[in-house]
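Below is one structure; the comments refer to it alone.
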There are 2 protein chains.
Amino acid sequence: MFSKACEYGIRAAVYIAQQSGRGVRTGLKDIAEAIDSPEAFTAKILQQLSKNDLIQSSKGPTGGFEMTAHQLQTVMLSDVVRTIDSNLIYTGCGLGLANCDAQNPCPLHHEFMGIREQLKTMLETTAIRQLAESLESGAAILKR
Amino acid sequence: MFSKACEYGIRAAVYIAQQSGRGVRTGLKDIAEAIDSPEAFTAKILQQLSKNDLIQSSKGPTGGFEMTAHQLQTVMLSDVVRTIDSNLIYTGCGLGLANCDAQNPCPLHHEFMGIREQLKTMLETTAIRQLAESLESGAAILKR
DNA sequence: TTGGTAGCGGACAAATTTGTCCGTTTTCGG
DNA sequence: CCGAAAACGGACAAATTTGTCCGCTACCAA
């Protein structure tokens with residue numbers, strides 16, 4: 001479904017959102033430990049998220065990652081997925097055909113339509129913050 | 001969504017089914033040309049499908065690939081996907097967590113549930129033959 | 001029987017994804 | 001100002017996926 005990088009990215013974003021909700025800025029080491037991901041690789045992904053203004057980063061001692069109130073309100077799951085993978089997951093053809101559309105459909109086009117649409121809607125209407133809340137309440141986990 | 005190998009596999013299976021519907025056995029070169037795929041790589045994939053009895057292969061001159069009447073009636077899209085990728089696409093956790101289930105859900109677990117279920121149902125209820133029919137009727141394409 | 005044809009299977013090669021290392025830059029606290 | 005701490009950025013390494021090559025085997029037709 002998603003690439004490893006994207007999985008790590010989502011998990012990291014959700015964890016950062018949870019900590020930011022508590023007013024806590026969190027560092028790379030802490031994040032990698034919390035989401036059970038390779039530290040250096042996770043750093044690369046966080047850089048992408050930061051460059052695309054989905055999260056905030058700061059250097060130096062006391063530095064780390066956080067999400068602003070505005071980011072917590074506006075950053076959707078689809079933003080993270082689009083930044084790391086692309087939007088091809090929910091827009092591209094299921095059989096990899098470049099020119100597949102309603103006029104020139106692949107044999108799976110109609111069968112896939114509903115699923116892709118549902119996936120798209122889910123990603124675009126789910127905020128990272130919502131996911132963080134289910135973490136915070138203990139209703140969900142991010143490890144193992 | 002699917003791997004390249006799986007995309008080629010599905011496209012090849014659909015094309016073979018279409019030709020078999022016409023009573024025509026078709027060779028590797030013909031298949032690769034019809035579905036616009038790398039020939040040698042496609043050969044590997046067809047071997048997998050053949051070993052798993054999803055298609056029939058025969059050597060020698062006049063050899064090639066085909067689907068028996070029985071295979072045309074029973075082989076589902078899910079069989080091809082399971083053979084080449086795995087069933088992880090519609091059973092695994094969206095965030096890659098090994099121990100994610102209803103008891104210990106990842107934050108996306110419930111959001112994903114419906115989509116995975118719909119995908120699973122679609123793959124399991126769609127026969128390769130059905131897809132071949134939409135090709136045969138000109139309602140769908142397999143190239144580009 | 002024999003020659004050619006087509007799939008089989010193993011080894012190899014290229015490309016992409018995943019993951020690591022380390023020096024540099026920024027920033028904070030003393 | 002200075003030293004340490006943390007993210008940044010570029011180069012490198014490993015693993016996986018994608019793709020190729022070629023000799024081998026089976027099979028058909030003449």
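So that the names make sense, note that chain A is the first sequence line, chain B the second, and so on, each numbered from 1. Values reported hereafter were calculated over all heavy atoms of this structure, with side chains retained and with hydrogens, waters and symmetry mates removed.
Side-chain N/O atoms of A:Gln47 include none lying less than 4.0 angstrom from OP1 or OP2 on D:dA7.
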Just distance, no hydrogens or angles: give the donor-acceptor pairs under 3.5 Å from side chains in residues 97-113 of chain B, sequence neighbours left out.
{"from": "B:Asp101", "atom 1": "OD1", "to": "B:Gln103", "atom 2": "N", "distance (Å)": "3.0"}
{"from": "B:Asp101", "atom 1": "OD1", "to": "B:Asn104", "atom 2": "N", "distance (Å)": "2.8"}

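By the criterion of side-chain heavy atoms lying less than 4.5 angstrom apart, applied directly or through intervening Ile, Leu, Val, Met, Phe, Trp or Tyr residues, B:Leu95 is not grouped with A:Ile141; the two fall into different hydrophobic clusters.
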Protein-to-nucleotide contact annotation, 5' to 3' order, nucleotides 24-30 of chain D [B base; S sugar-phosphate only; - none; under 4.0 Å, heavy atom]: -BBBB--

Sugar-phosphate or base contact per nucleotide [nucleotides 10-21 of chain C; S, B, -; heavy atom under 4.0 Å]: BB------SBB-

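As rounded to whole Å, 15 Å separates atom P of D:dG9 from atom CD1 of A:Ile45. Distance CD (B:Gln56) to P (C:dG7): 14 Å, rounded to an integer number of Å. Distance B:Ile55 CD1 to C:dG7 C1': 11 Å, rounded to the nearest Å. A:Phe65 has its CZ atom 12 Å from the P atom of D:dA6, to the nearest Å.
For the residue pair A:Asp85 and A:Phe2, the shortest heavy atom distance occurs at OD2-CA, 3.7 Å. Taking each heavy atom of B:Thr125 and B:Met76 in turn, the nearest pair found is C-SD, 4.0 Å.
In this structure A:Asn52 satisfies the side chain to side chain contact (heavy atoms under 4.5 Å, CB included) test together with A:Leu54, A:Thr83, sequence neighbours excluded. By the side chain to side chain contact (heavy atoms under 4.5 Å, CB included) test, B:Thr68 is found to be paired with B:Gln56, B:His70, B:Gln71, residues two or more places apart in sequence or in another chain being considered.
Within residues 16-31 of chain A, the residues that have a heavy atom under 4.0 Å from DNA chain D are, in order of number, A:Gly27, A:Leu28.
Looking only at atom types and distance, the side chain of A:Ser37 has no donor-acceptor partner in the side chain of A:Arg11 under 3.5 Å away.
Side-chain contact between A:Tyr8 and A:Ser3 is absent, with no heavy-atom pair separated by less than 4.5 Å.
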Stepwise side-chain contact (heavy atoms from CB on, under 4.5 Å) check, B:Arg129 with B:Glu133: CA-CA 6 Å; B:Arg129 184 180 47 78; B:Glu133 280 163 10; 2.7 Å; yes

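Ion pair B:Glu124/B:Lys120 flagged as a salt bridge, since at least one NZ, NE, NH1 or NH2 atom sits closer than 4.0 Å to an Asp/Glu carboxylate oxygen. The residues B:Glu33 and B:Lys29 are annotated as not salt-bridged, no charged nitrogen and carboxylate oxygen being separated by less than 4.0 angstrom.
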